[in-house]
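To keep things clear, I will list the structure first and then write my remarks on it.
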Amino acid sequence: MPDEELVLREITGALEELGKGTVPVTMETSLLHDLSLDSVTALDFVMQLETRLDIIIPMDGMAEIETIGDLVGVLTRGTGKAD
Amino acid sequence: MLAKLRALRSELAMVSAAGRNPFGVTFDSILSATEAILDGKRVLLLGTNNYLGLTFDQDCIDSAVTATMAHGTGTTGSRIANGTYGGHAALEQRLARFLGRRHAMVFTTGYQANLGTLSALAGRGDHLLLDADSHASIYDGAKLGNAQVTRFRHNDPDDLRRRLRLLADQPGEKLIVLEGIYSMLGDTAPLREMVEVKREASAWLLVDEAHSLGVLGAHGRGLAEADGVEADVDFVVGTFSKSLGAIGGFCAFDLDDFGALRVAARAYMFTASLPPSIVASVIQAIEAMEAQPQLRDSLRRNGQHLHAGLAAAGFVLGAMPSPIVSLPMPDRETAIRFWNQLLDAGVYTNLALGPATPGGRPLLRMSVSAALTPEQIDTAIAVITRTGQLLGLATAGLAAAE
Ligand SMILES: Cc1ncc(COP(=O)(O)O)c(C=O)c1O
């Protein structure tokens with residue numbers, strides 16, 4: 001399982017890749033309202049993070065992701081190498 | 001509840017503001033596989049999925065009429081509760097023979113075939129691995145079951161391999177789900193490489209050939225036939241609503257044990273079975289598909305013709321030539337305007353807006369039919385190019401015209 005610091009770093013990196021690096025990101029940042037990631041782009045964003053962190057996240061856990069904090073929570077519980 | 005629908009309603013109003021409601025087009029009448037009347041005007045149909053043009057095939061129509069006279073208009077119930085008609089069993093045998101499979105199971109729609117098959121095959125503790133661009137019926141089938149669902153990058157065998165490796169220690173079986181031709185862009189799955197991954201992981205493989213049945217392969221059995229990997233595909237899902245010109249879905253397989261799907265797949269058990277007319281026309285359409293391989297050649301030529309014409313006009317195209325030709329649009333407004341103007345000019349296409357499109361990006365989607373003539377396609381290319389130029393989308397065409 002990846003730790004929170006690593007996860008946050010990768011989230012920032014992935015956002016930069018998406019051209020959304022200018023938005024300051026906190027645990028409360030909303031994927032939809034602050035980052036304009038709708039349900040589909042959010043799913044693709046999670047997929048990108050799964051690749052970066054070499055983990056996988058079951059899809060049924062994704063519906064609950066609204067904020068960066070939720071995302072960090074889900075990603076740190078992901079199945080990965082460090083398990 | 002209301003708030004959600006109100007939000008959707010205002011979005012729909014926005015989408016419709018530029019002209020028509022793209023999700024509510026109502027044809028006055030359908031003239032043939034390639035033409036219809038809309039608002040009193042003749043339009044060319046370039047968005048039907050009517051790949052082989054069989055909707056007006058005289059033999060299919062005759063069989064449907066004869067079956068209705070002999071067996072009535074409907075079955076009024078499900079196969080499980082209200083009985084199977086001879087036609088259902090005959091269709092399943094005919095389809096299994098066509099596909100070279102031991103068993104075929106017929107559903108009332110292709111949507112239900114995925115819903116029933118996926119939810120019944122992969123249970124609690126099992127894993128479903130879905131391509132990111134999967135059709136809604138695949139996502140919904142996955143939701144209906146209890147398996148853990150993992151999404152992998154579209155058409156990326158390495159990403160699938162990586163995910164299967166991460167899941168390797170977990171108990172439960174793995175079922176990989178792919179499509180022969182992806183409906184939005186018309187791209188095909190890299191099936192041979194996917195099969196390699198499937199073998200390495202000892203997973204099962206299901207291929208939805210909804211858009212590739214009757215389209216790909218020397219006999220029209222789909223991408224698995226074209227790529228020579230049918231033995232590695234455990235389940236073939238498909239629909240009768242596209243190349244076969246009717247409605248209905250199926251799942252075909254070889255292992256006898258899966259026959260128990262008939263008492264496990266809820267979308268098979270708890271819905272009425274196909275009416276005699278449809279069953280008869282589909283059997284006849286399978287005959288036509290087998291007897292007329294030239295339909296497949298015309299279809300391929302037509303897809304190439306449209307693709308080449310639009311590429312020459314400077315359009316950015318979504319994928320390699322196939323019966324589906326999609327133009328990625330820069331934004332929603334342009335997509336809506338383009339679609340409306342094409343319809344005004346007599347060409348009906350499909351407007352595909354997110355979230356049902358790859359990456360949620362808007363698309364102008366077209367599909368060709370074997371029944372289109374080269375002249376009809378030339379007309380379509382001219383209209384699309386002219387309209388696209390006005391919207392700044394067909395750059396080469398503009399240069400050539402100057
Ligand atoms: C890949 C795929 N699977 C299944 C379906 C559903 O088929 P049907 O229209 O027969 O319900 C479609 C088409 O709508 C499709 O594109």
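Predicted, not measured: the structure shown is a model, and the values here were computed from it. Naming: A, B, ... by sequence-line order, numbering from 1 per chain.
In this structure the side chain of Met47(A) never reaches within 4.5 angstrom of the side chain of Phe152(B), judged on heavy atoms.
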Could you go through the side chain to side chain contact (heavy atoms under 4.5 Å, CB included) check for Asp54(A) and Arg162(B) one step at a time?
CA-CA 8 Å; Asp54(A) 202 18; Arg162(B) 186 183 70 77; 2.7 Å; yes
Let me see the working for Asp44(A) and His154(B) under side chain to side chain contact (heavy atoms under 4.5 Å, CB included), right down to the final yes or no.
CA-CA 10 Å; Asp44(A) 290 345; His154(B) 174 55; over 6 Å; no
Test side chain to side chain contact (heavy atoms under 4.5 Å, CB included) on Arg163(B) and Thr51(A); report intermediate values, then the result.
CA-CA 9 Å; Arg163(B) 283 163 199 271; Thr51(A) 309; 4.0 Å; yes
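Other residues, nucleotides and ligands place more than 12 heavy atoms under 6.0 Å from the CE atom of Met27(A). More than 12 heavy-atom neighbours from other residues, nucleotides or ligands sit within 6.0 angstrom of CD on Glu10(A).
For the atom pair Glu50(A) CD and Arg153(B) CZ, the distance stands at 9.0 Å (nearest 0.5 Å). One distance of note links OG1 of Thr150(B) with CD1 of Ile56(A); it measures 4.0 Å at 0.5 Å rounding. Residue Met59(A) holds its CE atom at 10.5 Å from CG of Leu128(B), rounded to the nearest 0.5 Å.
Each of Thr41(A), Val46(A), Val40(A) has some count of heavy-atom pairs under 4.5 Å with chain B, and the biggest count is that of Val40(A).
With a 4.5 angstrom heavy-atom cutoff, Ile57(A) touches chain B only via backbone atoms.
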